[in-house]
Amino acid sequence: MTGGGLVAEKVPESLAREGCMMLQTLLAELSALKGLECAVMLDWRYQNTVSEQRLTKIIVQPHEEFYQVLARTLPDYDVFWPIAPETDQVLSRMVRLSVEIGVKCAASCPSAIELCTDKLATINALKSVFPVPETHRLTAFTPEFPPVWVIKPIDGVGCEKMTLVYDKKSYRQCLVEIDQPETFIAQRYVTGKAISLSVLFKAGQGWLLCCNEQQINIGDDHFVLTGCRVNRAVDDLTAYDKVIDAVARRIPGLWGYVGIDLIETPGKTGKHQLQVLEINPRLTTSFAGIPTATGINVAEQVLRLFDDEPDMTRSHNETVTLTLQK
């Protein structure tokens with residue numbers, strides 16, 4: 001959003017704010033490490049959002065094409081760390097370009113990214129090993145009410161274009177707003193807490209950084225992510241560890257920082273029950289709060305993954321609230 005990917009378009013303000021938050025956190029973590037020379041690509045409109053003195057700024061001008069700038073930049077560096085949405089295959093395209101050029105990429109392999117980009121394919125991959133909500137491709141969906149359903153893009157990020165439909169009237173109204181129904185899915189709405197896990201993955205193993213609670217409002221039947229409580233207090237991590245193990249086994253190509261979105265509902269026995277909604281094979285907004293909440297330099301631990309396992313030792317343990325809406 002801020003790196004030149006939308007250099008010829010208007011950048012959505014909310015996504016730019018989240019992008020800047022993640023970028024500035026990553027650059028601060030990298031600048032704390034010795035022996036690194038770092039460069040950052042920036043949309044010309046955002047060139048003053050980064051102030052680190054040791055950084056090389058590569059400014060993408062209005063007349064330039066993002067992927068051409070990226071392709072000529074990558075050979076000068078040893079590692080490429082993309083911060084990009086899965087939408088329209090943007091993230092997988094960037095990673096494939098890095099692979100073709102022969103530069104290490106601090107991201108999952110392209111096939112794992114492409115699986116997670118398709119939310120229906122992700123659900124189908126996980127449903128044999130963990131509970132997931134009933135999910136259908138919208139073009140093959142005949143709704144029955146109740147239950148309530150969520151209509152959302154098959155490759156969307158955050159709460160983008162997510163709509164709650166609870167009867168035939170609201171469903172018909174939702175369809176009017178959709179230009180390409182083949183790119184949407186219908187997912188059964190599950191009431192509960194919206195939880196995300198920040199995880200490091202490598203070769204079929206996963207390490208939990210922290211558990212987060214997403215703050216989501218529903219207004220006019222549309223979802224809005226307003227904030228996130230990073231590293232919320234959890235008495236027992238066993239259930240989350242089971243999710244991570246299941247995801248690691250089913251998608252062994254996941255690597256580096258990954259977000260897992262869950263719904264947590266009260267169980268009959270008193271224990272919480274979890275359902276996996278989607279997997280985000282990239283930095284998520286919660287990442288911006290992890291250094292303050294735990295003292296872990298996530299960038300350092302991701303770079304360790306190239307040769308070793310991460311060190312998850314915390315210097316402290318706090319909950320940090322990120323506010324995303326002005």
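Worth knowing before you read on, the calculation uses all heavy atoms, side chains too, and leaves out hydrogens, waters and symmetry mates.
Sorted by first and then second residue, the ring-ring contact (aromatic ring centres under 6.0 Å, His included) pairs with a member in residues 277-311 read W255-F306, Y257-F287; sequence neighbours excluded. Under the ring-ring contact (aromatic ring centres under 6.0 Å, His included) criterion, no residue pair touches residues 206-234, with sequence neighbours excluded. Sequence neighbours left out, not one pair with a member in residues 49-68 passes ring-ring contact (aromatic ring centres under 6.0 Å, His included).
K57 NZ: more than 12 foreign heavy atoms inside a 6.0 Å radius. Residue Q61 qualifies as enclosed at atom CD: its count of foreign heavy atoms under 6.0 Å is above 12.
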Quick one: side chains of residues 124-133, donor-acceptor pairs under 3.5 Å with protein atoms, not counting sequence neighbours, listed by atom name and distance.
residue	atom	partner	partner atom	Å
N124	OD1	K127	NZ	3.4
N124	ND2	L120	O	3.4

Atom pairs and distances, side-chain donor-acceptor, residues 73-84, under 3.5 Å, sequence neighbours left out:
residue	atom	partner	partner atom	Å
T73	OG1	V69	O	2.7

Do any side-chain atoms of residues 237-249 form donor-acceptor pairs under 3.5 angstrom with protein atoms, and if so which ones, sequence neighbours left out?
residue	atom	partner	partner atom	Å
T238	OG1	D236	OD1	2.6
Y240	OH	R232	NH2	2.7
Y240	OH	E264	OE1	2.4

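The main-chain N or O of A299 is found under 3.5 Å from a side-chain atom of N297 such that the two form a donor-acceptor pair. Side chain of T319 to backbone of N231: a donor-acceptor contact under 3.5 angstrom is found. A side-chain donor-acceptor contact under 3.5 Å links T87 to the backbone of D155. Side-chain atoms of E65 come within 3.5 Å of backbone atoms of Q68 as a donor-acceptor pair (strictly under, hydrogens ignored). Put simply, the side chain of T292 never gets that close to the backbone of G289: no donor and acceptor are under 3.5 Å apart. Side-chain N or O atoms of T323 include none that pairs as donor or acceptor with a backbone N or O of T226 at under 3.5 Å.
For E37, there are no side chain to side chain contact (heavy atoms under 4.5 Å, CB included) partners, not counting sequence neighbours. For F201, there are no ring pair (Phe, Tyr, Trp, His ring centres under 6.0 Å) partners two or more places apart in sequence or in a different chain. With sequence neighbours excluded, the residues satisfying ring pair (Phe, Tyr, Trp, His ring centres under 6.0 Å) with H136 are F141, W149. Looking at residues two or more places apart in sequence or on another chain, you find a salt bridge (Lys or Arg N to Asp or Glu O under 4.0 Å) between R72 and E64. Not counting sequence neighbours, E318 has no partner by the side chain to side chain donor-acceptor pair (under 3.5 Å) test. Partners of T117 under the side chain to side chain donor-acceptor pair (under 3.5 Å) rule, at least two apart in sequence or in another chain, do not exist in this structure.
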* To do: Verify salt bridge (Lys or Arg N to Asp or Glu O under 4.0 Å) between E300 and R304, making sure each step is shown before the conclusion.
  => CA-CA 6 Å; E300 180 181 15; R304 279 175 61 98; 5.9 Å; no
